[in-house]
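One structure is given below, encoded as structure tokens.
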Amino acid sequence: MILESLNLEKYMDEHMELASYLVRVMKYRPHMKDESNMGLLSHADKNILTILQSNEVEGLEVQNKDGEWFEVKFSANSCVVMVGEAFKAWTIRRLHAATHRVVMKGDKDRFSIGLFSVPKWNSIIKAPEEVVDEEHPLFFKPFDFGEVFKFFTREENINDKFALEKYCGVSTENL
Ligand SMILES: O=C(O)CCC(=O)C(=O)O
Ligand SMILES: [Fe+2]
């Protein structure tokens, strides 16, 4: 659906070939007195796409471009879809990898399940020529996802919002 909306459906097979999948179930317990209520620190996913669902306990928050946080309302018959940094790079930032976090507020456990599509370890992420135009000039040099992942997990980069830009950004303008 996303590729269709970008007129890039011809890359579907390439995309399927590139992606591997990971399912993760997460449990967040209520925070104790004198303990931070941060269930998951703010981050943007590094993968292609993440599809999330949770039990009735809210907690996921997404940050907008002005830095404000919004609570995400899950409903039983819908999922939340997050764009990851690899997809952001592949679309030259036509898609935004939103910063998000989990904040625990009540006294109930929160459970969530995520399906993560992740580029295979040594796959090369390179924006297709169709996404390059005047408004979206080449912003990231092609990169090896495995190498970038190692770079992301270095201590000095782990909390750096612009780690990908630092690793393979053509320019640091308009971050
Ligand atoms: O539990 C959630 O709702 C979010 C999980 C998440 O952001 C992640 O695993 O990257
Ligand atoms: Fe996430």
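In each ligand, atom 1 is the first atom listed, and ligand 1 is the first ligand listed. Being a predicted model, the structure only gives us computed values, none of them experimental.
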**OP:** Could you list which atoms of ligand 1 come closer than 4.0 Å to a heavy atom of V102?
**Re:** 1 (O), 2 (C), 4 (C)
Original post:
In terms of side-chain geometry, is the basic nitrogen of E14 or K126 positioned less than 4.0 Å from the acidic oxygen of its partner?
Top reply: no
Subject >> Per-atom contacts of ligand 1 with H100, taking only distances under 4.0 Å to non-hydrogen atoms >> reply: 7 (O)
Original post:
Quick one: which ligand 1 atoms are inside 4.0 Å of a heavy atom on Y28?
Top reply: 1 (O), 2 (C), 4 (C), 5 (C)
**OP:** Classify the contact between L40 and ligand 1 as side chain, backbone, both or neither, using a heavy-atom distance cut-off of under 4.0 Å.
**Re:** side chain
Subject >> Carboxylate-amine/guanidinium contact R94 D133, below 4.0 Å >> reply: yes
Subject >> Exercise: do N159 and H43 side chains pair donor with acceptor under 3.5 Å >> reply: no
Subject >> Ion pair E58/R110, N-O distance below 4.0 Å >> reply: no
Subject >> Pair K88 + E165: basic N to acidic O under 4.0 Å >> reply: yes
Original post:
Where on F116 is there a heavy atom closer than 4.0 Å to ligand 1, on the side chain, on the backbone, on both, or on neither?
Top reply: side chain
Original post:
Nearest to the Fe ion (ligand 2), which N, O or S atom of D45 do we find?
Top reply: OD1
Subject >> Atoms in ligand 1 flagged as close to D45, the criterion being non-hydrogen separation under 4.0 Å >> reply: 10 (O)
Original post:
Considering only heavy atoms, which of R110, M26, R24, H43 lies nearest to atom 3 (O) of ligand 1?
Top reply: R110
Original post:
Which is it for V80 and ligand 1 at heavy atoms under 4.0 Å: side chain, backbone, both or neither?
Top reply: neither
**OP:** Say whether Y11 and E130, considering side chains only, have a donor N or O and an acceptor N or O under 3.5 Å apart.
**Re:** yes
Original post:
Taking the six-membered ring of F152 as reference, does the NZ or CZ atom of K46 fall below 6.0 Å from its centre and within a 45° cone about the axis?
Top reply: yes
